[in-house]
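Each chain gets a letter, A, B and so on, in the order its sequence line appears, and its residues count up from 1.
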Protein chains: 2
Amino acid sequence: MNVLKQRSTCPVSTSLDVLGDKWILLILRDMVFAGKSTYGQFLQSAEKMATNILADRLATLESQGLLTKAVAADKKSKFTYRLTEKGVDTIPIIVELMLWGTKHCPTIVDPGLLAELQAGKAAAVEKYQRRAREKALA
Amino acid sequence: MNVLKQRSTCPVSTSLDVLGDKWILLILRDMVFAGKSTYGQFLQSAEKMATNILADRLATLESQGLLTKAVAADKKSKFTYRLTEKGVDTIPIIVELMLWGTKHCPTIVDPGLLAELQAGKAAAVEKYQRRAREKALA
DNA sequence: TATATTTGCTTGCGAATTGCAAGTGTAAAG
DNA sequence: CTTTACACTTGCAATTCGCAAGCAAATATA
């Protein structure tokens, strides 16, 4: 299950073999910019992903080493998903997608976040990466 | 045909509604980094995309305004695809995908391009954007 | 002028993937 | 000890995918 097929040795292609899925990147977005970390929270997103797809993509993300799964601190019947360094490294990609969408598609954007990104992209990326790392340790 | 469905108003999600497809981004990669511009050239890529998928994705890219289709200068039975500004603006996304793949997946990378990106990402992105714009005018 | 080739697609079809609805299992709460 | 919360799993119709073959117009070749 969930065996990755690499189509070529091109770095863009190999990235897409993992990340070239609409749901995968929305899960990562939710973790980074919405602070979500549980199955139930991911289900509540505006895009309404199906439960089987969510389960499948979480398993893929875990097997690909982008996130870790652990029993939640408050409840034993609950799991917490956290980004690994490999996952944290996708933040620049998500940020570029956000900027492109903001510029070229009809969207509703958080003005604070947009201003932050336009003021200094690299600094904003680093801030969210730092924040994700801190959460992973907690 | 090729009607886009927007899943939400989030800029990451709207970007993915257009770009969240493995083939779409490989076509853009071929245009930007391999200088390809015809149907036949796209078919020759290492990833071997099916002819019906290529035709479909080129139509999508055209209808979404990422590229333009024109009769080739040398042959009337040939078409030339060129990036629009909206297409040129995807270069930062492709560059981030390339960097992530290089760092986290087994790949074979062009050392010159990698060195150029590591020396100065913004400068390299601008160079390829300039080059794509020049080609579009030719 | 007749035939072959290049180029850019379409079409058909079996296989894989998706999305929806409903069901399952375990832990905690009442 | 029943109910609720949470995280999935299963079944199934419908869409999408990938492969192979076919098609049509423009050009090259004999």
Asks: Could you tell me how far apart Ile53(B) (CD1) and dA16(C) (C1') are, to the nearest whole angstrom?
Replies: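 Going from CD1 in Ile53(B) over to C1' in dA16(C) covers 12 Å.
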Asks: Can you find a pair of side-chain heavy atoms, one from Cys105(B) and one from Trp100(B), that are under 4.5 Å apart?
Replies: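 Of all side-chain heavy-atom pairs linking Trp100(B) with Cys105(B), at least one is under 4.5 Å.
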Asks: Do other residues, nucleotides or ligands put more than 12 heavy atoms under 6.0 Å from Lys121(A) NZ?
Replies: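 No, the 6.0 Å shell around NZ holds no more than 12 heavy atoms from other groups.
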Asks: If you check every side-chain atom of Tyr39(B), which of dG12(C), dA27(C), dG8(C) has the closest atom?
Replies: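 So the side chain of Tyr39(B) is nearest to dG8(C).
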Asks: Could you check whether the side chain of Thr38(B) and the base of dT7(C) have a donor-acceptor pair of N or O atoms closer than 3.5 Å, going by distance alone?
Replies: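 Under the 3.5 Å cut-off, the side chain and the base do not form any donor-acceptor pair.
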Asks: If I take atom CZ in residue Phe79(B) and atom P in nucleotide dA24(D), what distance separates them, rounded to the nearest angstrom?
Replies: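 The distance from CZ of Phe79(B) to P of dA24(D) comes to 16 Å, rounded to the nearest Å.
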Asks: Starting at the 5' end of DNA chain C and moving along, which residue's nearest nucleotide shows up first, Asp74(A) or Asp56(A)?
Replies: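 Closer to the 5' end of DNA chain C: Asp56(A).
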Asks: Salt-bridged, Glu116(A) to Lys127(A), with N to O below 4.0 Å?
Replies: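 Looking at Lys127(A) together with Glu116(A), the answer is yes, because their closest N to O distance falls below 4.0 Å.
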Asks: Among Leu26(B), Ile27(B), Asp30(B), whose side-chain contact (heavy atoms from CB on, under 4.5 Å) with Ser45(B) holds?
Replies: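 Exactly one option meets the side-chain contact (heavy atoms from CB on, under 4.5 Å) with Ser45(B), and it is Asp30(B).
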Asks: To the nearest Å, how far apart are Gln41(B) CD and dG8(C) P?
Replies: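 My rounded result for the distance is 8 Å.
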Asks: From the list dT10(C), dG18(D), dA21(C), which nucleotide is the closest neighbour of the side chain of Thr51(B)?
Replies: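 Output: dT10(C).
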Asks: Which one, dG8(C), dC9(C), dG18(D), comes nearest to the side chain of Lys78(B)?
Replies: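 Ranking dG8(C), dC9(C), dG18(D) by closest atom to the Lys78(B) side chain puts dG8(C) first.
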Asks: Provide, to the nearest angstrom, the distance between the NZ atom belonging to Lys36(B) and the C1' atom belonging to dG8(C).
Replies: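 Spelled out: NZ on Lys36(B) to C1' on dG8(C) is 16 Å.
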Asks: Could you please name the option among dT18(C), dA26(D), dG19(C) that lies closest to any side-chain atom of Asn52(A)?
Replies: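 It is dG19(C).
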Asks: For the side chain of Ala55(B), starting at C-beta, report the closest nucleotide among dT10(C), dC17(D), dG19(C).
Replies: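 Ranking dT10(C), dC17(D), dG19(C) by closest atom to the Ala55(B) side chain puts dT10(C) first.
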Asks: Looking at dG19(C), I'd like to know if its phosphate oxygens (OP1 or OP2) sit under 4.0 Å from a side-chain N or O belonging to Trp23(A).
Replies: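 The answer is yes; a side-chain N or O of Trp23(A) sits under 4.0 Å from OP1 or OP2.
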Asks: What is the separation between atom CG on Leu43(A) and atom C1' on dA22(C), rounded to the nearest whole Å?
Replies: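 Leu43(A) atom CG is separated from dA22(C) atom C1' by 15 Å.
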Asks: Find the distance Lys48(A):NZ to dC20(C):P and express it as a whole number of Å.
Replies: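 Atom-to-atom, Lys48(A) to dC20(C), this comes out as 11 Å.
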Asks: Determine the minimum heavy-atom distance between Asp89(A) and Lys103(B), stating which atoms define it.
Replies: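 Taking every non-hydrogen atom into account, OD2-NZ, 2.9 Å.
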Asks: Please give, in whole Å, the distance from dC6(D) C1' to Gln44(A) CD?
Replies: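 It is 11 Å, rounded to the nearest whole Å.
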Asks: Check the distance between dA28(D)'s C1' and Lys76(B)'s NZ and give it to me in whole angstrom.
Replies: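 In whole Å, dA28(D) C1' and Lys76(B) NZ are 16 Å from each other.
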Asks: For DNA chain C, whose closest nucleotide is more 5', that of Lys75(B) or that of Tyr81(B)?
Replies: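 Result of the comparison: Lys75(B).
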Asks: Ignoring backbone atoms, test whether Arg57(A) places a side-chain nitrogen or oxygen under 4.0 Å from the OP1 or OP2 oxygen of dT18(C).
Replies: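 Yes, such a contact exists.
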Asks: Does OP1 or OP2 of dC9(C) have a side-chain N or O of Lys69(B) closer than 4.0 Å?
Replies: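 Answer yes for this pair, as a side-chain N or O of Lys69(B) is under 4.0 Å from OP1 or OP2.
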